[in-house]
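Data block below; observations after.
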Amino acid sequence: MAEWSYRTHTCGALRAGDVGRPAVLLGWVHRVRNLGGLVFFDLRDRHGLTQVIVRTGSGAEEDAGRVRPEFVVAVEGIVEARAADSINPRMLTGEVEVVASRLEILNEAKTPPFGIADDKPVAEETRLRYRYLDLRRPDLQRNLALRHRVALAVRQYFDSEHFLEIETPILTRSTPEGARDYLVPSRVHPGEFFALPQSPQIFKQILMIAGMDRYFQIVRCFRDEDLRADRQPEFTQIDVEMSFATEELVYGVVEGAIAAMFKVAGVDVTAPFPRISYDEAMLRYGSDKPDLRPGMPISDVSALFAESAFSVFRDAVAAGGVVRGFVVPGGAKYSRKDLDELAEQTRQLGGSGLIWVRLAQGAVQSSALKAAGETPLRQAFEHAGGEEAGLLLLAAGDAPLVARVLGQLRLSVAKREGKLAPDDFKFAWVTEFPLLEWNADEKRWDSMHHPFTSPRPEDVDLLASAPGKVRARAYDLALNGSEIAGGSIRIHRADVQRQIFGLLGLSAEDARARFGFFLDALEYGTPPHGGIAFGLDRIVALMCGEASIREVIAFPKTAQAVDLMAGAPSVVDDKQLRDLRIAVVAKPGSDR
Ligand code: ASP
């Protein structure tokens with residue numbers, strides 16, 4: 001058979017205007033219908049689908065009778081208009097079909113473990129094991145194409161803002177982002193290890209010391225974290241650092257970058273984004289990554305119950321706790337069963353109970369009406385912004401617990417009320433984070449972000465006396481309940497950096513051993529600087545309306561940190577271990 005020329009068109013290209021023209025298409029057989037004298041199939045590639053017809057007597061019918069889904073074929077033929085009643089408006093090529101004069105099976109395919117053409121749910125394990133087949137499905141093709149365009153927009157944007165993309169090492173030293181490091185043994189230096197970067201943090205700061213002024217990088221980061229839903233051991237950040245940065249400068253650059261990225265997905269982003277302090281976010285949304293879509297903010301009504309007849313609330317306030325709640329507009333319609341379910345959910349979240357108050361035809365009804373009396377309940381309802389037909393849900397206890405419980409309850413109610421539309425994008429800056437949080441297990445302070453985050457100048461005096469009160473020059477960007485970016489203005493003075501290491505329990509010798517090179521660099525004319533890192537996987541997942549970042553990563557690991565397709569991690573040859581002078585003490589399968 002004669003050689004095939006390359007395709008004349010992709011499978012998504014032909015239109016009514018091409019009728020009468022010859023075409024060569026190359027692709028995968030998507031669906032086949034064999035009607036005896038006539039074989040129809042859809043031919044697929046990344047660009048789309050085209051219907052092909054093979055008629056008896058065309059010379060191609062014998063091979064056409066053999067084709068099965070996922071066979072790779074070449075088709076030559078003439079583009080014809082489809083009959084009016086067979087036009088498919090859902091296909092870009094739906095007005096035409098290619099009538100084949102020649103067909104060649106370039107490769108056969110085994111029957112795939114799941115249909116590429118149907119969108120029936122397939123177990124994720126199977127999808128990941130056969131990722132090359134999964135990636136042929138339209139959703140993943142669309143997601144990866146969008147990801148590519150977003151990454152391109154990022155590069156164009158930062159270039160236009162005079163940033164340089166600079167690569168930083170993958171084989172490096174430990175970076176303190178708070179997770180465990182992945183280690184790589186050095187064969188040349190037995191007993192010594194590289195760490196894979198949890199982020200390029202120290203390198204990007206050194207690039208500022210090195211006078212690079214504005215840096216960005218689309219970069220893989222590695223964190224050996226305990227299993228948490230939807231975390232990946234390796235993930236992609238858009239990492240950014242600027243010399244002479246202020247918070248305002250960072251916010252402006254980031255809002256521009258977000259607008260450029262979302263434009264690719266057809267979403268117009270309105271900047272500036274609202275700003276919420278960490279304390280307010282915890283109070284109003286019970287989360288440091290607030291989801292602003294549903295409204296329904298939480299209100300503190302503790303003062304109304306300090307002297308209440310209702311002992312549950314009065315005692316909580318007397319013990320230094322809080323009474324807080326949020327209003328579900330229209331929630332007065334909830335049935336007894338609905339309310340019982342919400343109370344049960346509250347207990348499962350760790351709360352001690354849930355009190356409801358509703359306003360129906362002007363009358364206050366409540367599960368605590370007898371115990372608390374109408375007046376404080378009506379005041380609480382009004383204080384929380386309740387209106388006719390609304391439902392106020394109240395919980396009491398320690399502030400952090402109540403914040404967490406109500407924060408999660410609010411999201412679950414928002415979900416059942418249909419207030420979490422995936423295409424409604426609501427951004428918010430969260431600012432004024434505490435610099436440090438107390439680590440009760442190890443009896444020392446931990447950085448809330450990382451140890452290079454600058455304290456606010458007005459709080460520096462508190463570093464010695466009340467470290468827990470020091471606020472950081474740190475900021476996160478939240479989108480629909482996810483943290484999509486986080487960063488800070490950095491410490492640029494070696495003395496302050498040493499003081500922070502001290503608070504974190506690092507002795508001067510430890511600090512020198514781990515970060516000596518960085519402390520040295522800080523003393524050679526370090527400009528004030530700051531930056532941020534965006535989670536590219538999460539951003540693209542949100543744009544695609546996907547719940548999991550695995551849906552926007554070509555070859556992700558499972559939640560158990562395993563690559564099911566490649567079979568990684570895996571045991572290695574004894575010879576490799578000997579070269580590295582490594583002995584494995586607990587073999588896989590043993591429980592030591
Ligand atoms: N290195 C930080 C992170 O990966 C981001 C930053 O502070 O720029 O979370």
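Start at 1 and go down the list; that is how both ligands and their atoms are numbered. Every heavy atom of this structure was used, including side-chain atoms; hydrogens, water molecules and symmetry mates were not.
Applying the side-chain hydrogen bond (donor to acceptor under 3.5 Å, both in side chains) test to E177 and every residue at least two apart in sequence or in another chain returns S199. Checked against side-chain hydrogen bond (donor to acceptor under 3.5 Å, both in side chains), E523 has the following partners two or more places apart in sequence or in another chain: R498. T172 pairs by the side-chain hydrogen bond (donor to acceptor under 3.5 Å, both in side chains) definition with nothing, not counting sequence neighbours.
Aromatic ring centroids of F433 and Y475 lie 6.0 Å or more apart.
D181 contributes no side-chain N or O that, together with a main-chain N or O of P197, makes up a donor-acceptor pair within less than 3.5 Å.
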- Task: List the steps and the verdict of side chain to side chain contact (heavy atoms under 4.5 Å, CB included) for F216 and L164.
- Result: CA-CA 6 Å; F216 87 103; L164 298 182; over 6 Å; no

Quick one: table the atom pairs, ligand 1 N or O against protein N or O, below 3.5 Å, distance rounded to 0.1 Å.
unit_1   : atom_1 : unit_2 : atom_2 : d
ligand 1 : 1 (N)  : E177   : OE2    : 2.6
ligand 1 : 1 (N)  : S199   : OG     : 3.3
ligand 1 : 1 (N)  : Q201   : OE1    : 2.6
ligand 1 : 4 (O)  : R223   : NH2    : 2.9
ligand 1 : 4 (O)  : Q237   : NE2    : 2.9
ligand 1 : 7 (O)  : Q201   : OE1    : 3.4
ligand 1 : 7 (O)  : H450   : NE2    : 2.8
ligand 1 : 7 (O)  : R490   : NH1    : 2.8
ligand 1 : 7 (O)  : R490   : NH2    : 3.4
ligand 1 : 8 (O)  : K204   : NZ     : 2.7
ligand 1 : 8 (O)  : R490   : NH2    : 2.7

